[in-house]
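Below is one structure, written out as structure tokens; the observations come after it.
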Amino acid sequence: MSVVTVQLGQCGNQIGQELFKAIGDDSSSGQGLCSEGQKQAYAACSQERFFFLEQSGGTSFEEPGDESVRWCENKRLFPVPSARAVLIDMEPKVISQTMATAAKSGRWKYGDQSYFCQKQGSGNNWANGFCAHGPRHEEAVLDLVRREAERCERLAGFFTMMSVAGGTGSGMGTYITQCLRDTYPHSFLLNQVTWPYGTGEVIVQNYNSVLTLSHLYQSSDAILVHENDTVHKICSQLMNIKHISFQDVNKVIAHQLGSVLQPAYTSAVDTQYSRNPLGDLMSSLVCHPEYKLLSLRNIPQMSDSSLEYSVFAWPGLLKHLRQMLIANAKMEEGIDWQVRASQSRPSTGQKGNPSKHLRFNTSLANLLILRGRDVYSADTGGFAEPLLYSSWLPAEVAFNTWRSPKHFNRYEKSATLVSNSQSLLKPLDCIVGKAWNMFASRAYVHQYTKFGISEEDFLDSFTTLEQVISSYTHL
């Protein structure tokens, strides 16, 4: 089944381009697959999900200068696959760069008419994107989405990528998400969102984040979150990048997303790859509409120079990944090994130094995805312990494992853990708290009310997220 990706705003388009590059590179590599048939099956499944062959207007693919074709070793021409994606931004610069970079690769490209842009941005104002640009351009954007959906023989659903802090990505992205839910009520809808740096990128980023998350909670099936601060640390401490750019951050996010979305077997007895990646993801992780926030951990992650001299074993990888989950560590460096799943939580109102009251990260559900050599020999029993999960969902239901013998991104062995847990409780509470402090003095509220967002809308958003915080706190 096919997934239509919707890239929204500067952040969504840049991450989307890196994601399709990672998927394309992975699909063309057969490392870890023993037969030609296995390689072809993997590549075909990935191609069906994310790419199609565009032959609009009767193109014969005969001109060497045409970006729709490429040369193979025997000098014959064949079509370049197009991404199943719609690119949306209110300014043309990023979309032009994104499409040009994809076409230059020669491996894949974006559809010739799969983008929508204007010449005026949203000014980092969520209300401008949601109340003005969204309704004004709804018909044009949905026509592009419909065209991509109709190209799919079987539509699995929609995967949107956006920032929560800006104007177009967050505001218009939220509006388009609602439109997708109304237009395709029976299709799965997964939102990938990027949270801003805690030190601040935009003065009103906390307002934008609260409005985005509260509205997405009403229309999305799940919200997969990446935090810029966490990814930045991965680039610095694990990838050893000295001068970190947004492209470096986007590559890490794309690597993590690809490790989830690429084909895998959903059970030990499967002989075919999962046909519905979004549906299987939702059924594994989102068992209650009150719990939609997903976090992602990936191990190992390191620089190319270090990778050449590294050897990995499943017991060590899974031991570190399990402790990352329990201690709510975002990467394998700096894990607090003192935290244990058997430790009780401090009771409500307990006083004293919080650091003395160690508490582990309780999960509602976890999905472990193993890729690479000897995946069926890996012992995943440590993730199935009932103590890790909420008491109202059995561990055998709450924990699932997917496997693929295919190496991913040159890693001989790699593991990805997607969690519906308390991992995001602290950063969410922080964003709501900062936004509430600004709202208490009505700072910058007039910038939103002039586009139609009232103070009551702010209060409704705060109420929605405070309920989410309460629900996750009492897991």
Side-chain angles (χ1 to χ4, degrees), residues 222 224-225 230 260 266-268 280-300 313-370 375-403 414-429 468-475:
L224 179 59
V225 177
T230 297
V260 175
T266 56
S267 72
D280 291 334
L281 190 73
M282 303 301 176
S283 63
S284 299
L285 291 167
V286 187
C287 57
H288 192 286
E290 188 66 28
Y291 303 90
K292 296 182 179 182
L293 294 179
L294 307 181
S295 59
L296 196 156
R297 295 172 175 84
N298 182 260
I299 189 173
W314 286 120
L317 289 175
L318 296 182
K319 178 182 178 182
H320 278 75
L321 190 58
R322 181 180 181 275
Q323 191 62 25
M324 287 167 64
L325 171 67
I326 294 173
N328 197 18
K330 303 303 171 69
M331 55 185 187
E332 56 265 40
E333 285 192 7
I335 301 175
D336 189 347
W337 291 93
Q338 295 183 1
V339 180
R340 295 288 182 268
S342 59
Q343 291 169 333
S344 61
R345 293 180 173 75
S347 59
T348 304
Q350 185 172 358
K351 298 181 180 179
N353 186 350
S355 64
K356 294 182 179 179
H357 306 299
L358 297 176
R359 56 181 301 170
F360 68 93
N361 173 36
T362 302
S363 299
L364 180 65
N366 286 307
L367 171 62
L368 178 64
I369 305 169
L370 306 180
V375 285
Y376 291 102
S377 68
D379 181 8
T380 61
F383 292 88
E385 294 182 9
L387 285 173
L388 299 179
Y389 300 93
S390 172
S391 60
W392 51 271
L393 193 65
E396 57 268 23
V397 176
F399 175 66
N400 289 275
T401 306
W402 296 356
R403 292 178 170 89
S414 64
T416 303
L417 186 69
V418 189
S419 299
N420 190 341
S421 69
Q422 296 174 321
S423 295
L424 297 167
L425 195 52
K426 184 176 179 180
L428 178 60
D429 191 42
V468 173
I469 292 171
S470 176
S471 297
Y472 274 101
T473 301
H474 294 95
L475 264 183

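For the numbers below, each heavy atom of this structure counts, side chains included, while hydrogens, waters and symmetry mates do not. None of these values were measured; they are calculated from a predicted model.
Between the side chain of Arg297 and the backbone N or O of Ala329, at least one donor-acceptor pair lies under 3.5 Å. Looking only at distances, a side-chain donor or acceptor of Arg403 sits under 3.5 Å from a matching main-chain atom of Val375. Formation of a donor-acceptor pair under 3.5 Å by the Glu385 side chain with backbone atoms of Ala395 is not found in this model.
Under the 4.5 Å side-chain criterion, counting only non-hydrogen atoms from C-beta, Ser363 is not in contact with Asn420. In this structure, the side chains of Leu388 and Phe399 stay at 4.5 Å or more apart for every pair of heavy atoms. Counting heavy atoms from C-beta outward, Leu475 and Tyr291 have side chains that approach closer than 4.5 Å. Considering only heavy atoms from C-beta on, Ser414 stays 4.5 Å or farther from Ile299 through its side chain. Taking the side chain as every heavy atom from C-beta outward, Phe360 and Gln422 never approach each other to under 4.5 Å. Residues Val260 and Ile369 form a side-chain contact, since some pair of their non-hydrogen atoms from C-beta on lies under 4.5 Å apart. Side-chain contact between Leu318 and Leu368 is present, with heavy atoms from C-beta onward closer than 4.5 Å. Side-chain atoms of Ser421 and Leu364, non-hydrogen and from C-beta on, never get closer than 4.5 Å to each other.
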Does the pair Ser423 and Asn361 meet the rule for a side chain to side chain donor-acceptor pair (under 3.5 Å), with working shown? CA-CA 7 Å; Ser423 295; Asn361 173 36; 3.1 Å; yes

Is there a side-chain contact (heavy atoms from CB on, under 4.5 Å) between His288 and Trp392? Walk through the geometry before answering. CA-CA 11 Å; His288 192 286; Trp392 51 271; 4.3 Å; yes

side-chain contact (heavy atoms from CB on, under 4.5 Å) between Leu281 and Leu285: does it pass, once the steps are laid out? CA-CA 6 Å; Leu281 190 73; Leu285 291 167; 3.9 Å; yes

Could you give me the CA-CA distance, side-chain angles and deciding distance for Leu293 and Tyr472, then say whether side-chain contact (heavy atoms from CB on, under 4.5 Å) is met? CA-CA 10 Å; Leu293 294 179; Tyr472 274 101; 3.7 Å; yes

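Here the closest heavy-atom approach between residue Leu425 and residue Ile469 is recorded as CD1-O, 3.5 Å. Counting all heavy atoms, side chain and backbone alike, Ser377 lies closest to Trp314 at OG-CD1, 4.1 Å. When every heavy atom of Trp402 is checked against every heavy atom of Asp280, the shortest pair comes out as CZ2-CB, 3.5 Å. Ala222 approaches Val286 most closely through the heavy-atom pair CB-CG2, 3.8 Å. Closest of all the heavy-atom pairs between Asn400 and Val397 is ND2-O, 3.5 Å. Across Gly382 and Arg322, no two heavy atoms sit closer than the pair O-NE, 2.7 Å.
How far OG of Ser284 is from CG of Leu367: 5.0 Å, rounded to the nearest 0.5 Å. We find the OG1-CG distance between Thr380 and Leu417 to be 11.0 Å, quoted to the nearest 0.5 Å. Here the straight-line distance linking atom NZ of Lys330 with atom CE of Met324 works out to 10.0 Å at 0.5 Å rounding. With rounding to the nearest 0.5 angstrom, the CG atom of Asn366 is 10.5 Å from the CG atom of Leu294. One finds the CG atom of Leu424 at 12.0 Å from the CG atom of Asp429 (value rounded to the nearest 0.5 Å).
Relative to the six-membered ring of Trp337, Lys319 meets both conditions, a distance below 6.0 Å and an angle of at most 45° to the axis.
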